[in-house]
There are 2 protein chains.
Amino acid sequence: MKVTIYDVAKEANVSIATVSNVINKKGRIGEKTRRRVHEAMEKLNYEPNILASALTGKQTKTIGLIIPDLANPFFSELARSIEDRAHELSYNIVICSTDYQEEKENKYISLLKQKRVDGFILASGFENLEKVQELLNEDIPVVIVARDYPNFSINAVALDDYMGGYQAANHLLQLGHKNIGFIALDVYSNRERIRGFKDALKEYQIEPRKDLHFIEDKKQSLVRAGNISAKKYLESGDIPTAIFACNDLLAIGAIQVIRDAGLNVPDDISIVGFDNTNIATIVDPPLTTMSQPIQRMGREVMDLIISIFKGERDDEVRITLVPDLVKRKSTKEL
Amino acid sequence: MKVTIYDVAKEANVSIATVSNVINKKGRIGEKTRRRVHEAMEKLNYEPNILASALTGKQTKTIGLIIPDLANPFFSELARSIEDRAHELSYNIVICSTDYQEEKENKYISLLKQKRVDGFILASGFENLEKVQELLNEDIPVVIVARDYPNFSINAVALDDYMGGYQAANHLLQLGHKNIGFIALDVYSNRERIRGFKDALKEYQIEPRKDLHFIEDKKQSLVRAGNISAKKYLESGDIPTAIFACNDLLAIGAIQVIRDAGLNVPDDISIVGFDNTNIATIVDPPLTTMSQPIQRMGREVMDLIISIFKGERDDEVRITLVPDLVKRKSTKEL
DNA sequence: TTGAAAGCGATACCAG
DNA sequence: CTGGTATCGCTTTCAA
């Protein structure tokens, strides 16, 4: 049978209240009693039941992390960095992949609410903010990461996507490219990137192509989506000299198709990706890409949500990190 | 304030016992009362507190998943497949990365025990089985996946690693290779693979090289470990014509170094990997590799642990899946 | 400094 | 069929 606080109390010849106090370092307890209680806990190998204590209003020390897809390297790396920080702070993370399906998002959220997680970290698409608002209304801490929602008041650790798109385009422009393709998902962050991208073009007085690709079908693999988009460019009759892909997986898909067509990256077509996941260094050629500070994001978002738990924030916080261009071998002067 | 079973009872003009019964479909309840209760729940937007019900002995519907590293594609893909099945069954997964550190394993396990997870799925190295035995002694369901422990009685979904090593070697042997290098981690599964590998060589009357590499330092990245091992082979004065790497990441590390040395894969050196993670199709050349049925494993292991919850098993179960050779472009006839 | 007792939200047994 | 009540393990007043 599981050993409870009662067993410890009996063993130490004190009341359960006293045991509770020594565990939580509350009230004033005599040195001797404290030691007796500790010895009893040791002896019985006592482990407090967090469920029971959570029932009385304390935290569950568990946080829900909602992401689109754990098998996507960007999100698994992000999840890992969040988990690391959580572990340091003695929290656990429940990870939920939504595949951008609202239905899954909703089911996960209500399941985790029932389990009384202390808060949510949201990295999913969430085009529908109702559910999020619901959480906020119920005073459940929510922090957004790697996604941004303008015009929506919420704590967030976000990336400056506009800047990312701008810098990526700038890099290509400086290399002399004028005819640049673009592949993206139809989500807010990617739309921001294209905005930056277009603004950069504008500064060079270059008209963007008419056929900028947004992927609609969110269920297919991103690599395949990259394949398809790149193929369209190759068959368009006006092959771009460079392509900006909104994440590394799309970029890789593009590279594959380009190579299959007998062309070379970067000699014939330059590619720049986004995210700088581990696979960017693995592919051939190593990918020039916009680096998201994944480690930093994980840490910041955990620290942010913890500070909310502690009630240290009544104001809304939005931490914006800037991406960095990492030059590798997939881009080249025209 | 949170709405509780008492609120529902009051709203529906019944006792909490009745409400509880209709929720759990227990006992016999009049059609009218049932409807009244349901209406009340709807109206108040009632969500049962799982903590409270877990306190009375019911399940928490939460499972702990202990893996070495969530950022490793094999484990993130495995985690994803487990999560998918868990979601179908209305379970949540708490993911913990241990980096093969016993200290982390222990901390995670005791944390999750306190949180009363229903069981553990272990995919970590666990060279030290004490902690596992402890769980078993306390009657906490444990299932091992993607790792095997011979001479240890436990439920497991394992891969036939011996067969995997055997097949990989066989493939190389059939292509005419005789001088084959080997790169592995120093964990049980990899030791099994080498056993199969050597047995295959034996059938061809080939003496294995003396310098088969086991990586000791588990903290470095696997790609880097692959780099280092492959470099040793290149500098050994007796360059192998093929290398069998015990996972895809190691294989990729080897490919990088070989290419940097001005050699070609597979023309100069053939490489076969292990796992068949998504990145195997992404690298250049696409990796010939032993495929672990990741989807299948995730499903089997979830179903296995659930069947243990249900008490459907008193006997020990060990499900062994066989890996498949997936031929791509990184191996070639000698 | 310590303890008795009331609750947290649900389950389950036993009456009626 | 329905309801009263003890119980799960812990926290938290409030007295002593």
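All values below come from the heavy atoms of this structure, side chains included, with hydrogens, waters and symmetry mates left out. Everything quoted here is computed from the prediction, not taken from an experiment. Proteins come first, then strands; the chains are lettered A, B, ... in the order of their sequence lines, and each starts at number 1.
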To the nearest Å, how far apart are [X] [atom1] and [N] [atom2]?
{"X": "Arg36(B)", "N": "dG3(D)", "atom1": "CZ", "atom2": "C1'", "value": "13 Å"}
{"X": "Lys25(A)", "N": "dT2(C)", "atom1": "NZ", "atom2": "P", "value": "16 Å"}
{"X": "Leu55(B)", "N": "dT7(D)", "atom1": "CG", "atom2": "P", "value": "14 Å"}
{"X": "Leu51(B)", "N": "dT11(D)", "atom1": "CG", "atom2": "C1'", "value": "15 Å"}
{"X": "Ile5(B)", "N": "dG3(D)", "atom1": "CD1", "atom2": "P", "value": "12 Å"}
{"X": "Asn21(A)", "N": "dC10(D)", "atom1": "CG", "atom2": "C1'", "value": "12 Å"}
{"X": "Tyr6(B)", "N": "dA10(C)", "atom1": "OH", "atom2": "P", "value": "9 Å"}
{"X": "Lys2(A)", "N": "dC10(D)", "atom1": "NZ", "atom2": "C1'", "value": "15 Å"}

**Prompt:** Looking at residues 38-49 of chain B, who's got a heavy atom less than 4.0 Å off DNA chain D?
**Reply:** none
Closest approach to the side chain of [X], judged atom by atom: which nucleotide of [options] is it?
{"X": "Thr4(A)", "options": "dG3(C), dT11(C), dG9(D)", "result": "dG9(D)"}
{"X": "Ile29(B)", "options": "dT2(D), dG4(D), dC10(D)", "result": "dT2(D)"}
{"X": "Thr33(A)", "options": "dT11(C), dG3(D), dT1(C)", "result": "dT1(C)"}

**Complete:** Per nearest nucleotide of DNA chain D, the residue lying toward the 5' end, Ala17(B) or Arg116(B), is Ala17(B)
So, [X] and [Y], do they make that salt bridge, N to O below 4.0 Å?
{"X": "Asp303(B)", "Y": "Arg85(B)", "answer": "yes"}
{"X": "Arg80(A)", "Y": "Glu77(A)", "answer": "no"}
{"X": "Glu316(A)", "Y": "Arg318(A)", "answer": "yes"}
{"X": "Asp99(A)", "Y": "Lys104(A)", "answer": "yes"}
{"X": "Glu47(A)", "Y": "Lys113(B)", "answer": "yes"}
{"X": "Arg36(B)", "Y": "Glu11(B)", "answer": "no"}

**Request:** Could you tell me whether Gly30(B) contacts a base, only the sugar-phosphate backbone, or nothing, with contacts defined as non-hydrogen atoms closer than 4.0 Å?
**Result:** sugar-phosphate
**Request:** Tell me what Val19(A) touches on the nucleic acid: a base, only sugar-phosphate, or nothing, going by heavy atoms under 4.0 Å.
**Result:** nothing
Respond yes when some side-chain nitrogen or oxygen of [X] is under 4.0 Å from OP1 or OP2 of [N], and no when none is.
{"X": "Asn24(B)", "N": "dT11(C)", "result": "yes"}
{"X": "Ser20(B)", "N": "dT11(C)", "result": "yes"}
{"X": "Ser15(B)", "N": "dG3(D)", "result": "yes"}
{"X": "Thr18(B)", "N": "dG3(D)", "result": "yes"}
{"X": "Lys26(B)", "N": "dT11(C)", "result": "no"}

**Request:** Decide side chain to side chain donor-acceptor pair (under 3.5 Å) for Asn24(A) and Lys58(A); before the verdict, give the C-alpha distance in whole Å, the side-chain angles of both, and the deciding distance to 0.1 Å.
**Result:** CA-CA 11 Å; Asn24(A) 299 298; Lys58(A) 294 188 79 175; 3.0 Å; yes
**First of Ile16(B) and Thr56(A) reached from the 5' end of DNA chain C, by closest nucleotide** = Thr56(A)
**Item:** Heavy-atom side-chain contact between Val143(B) and Phe120(B) under 4.5 Å
**Value:** no
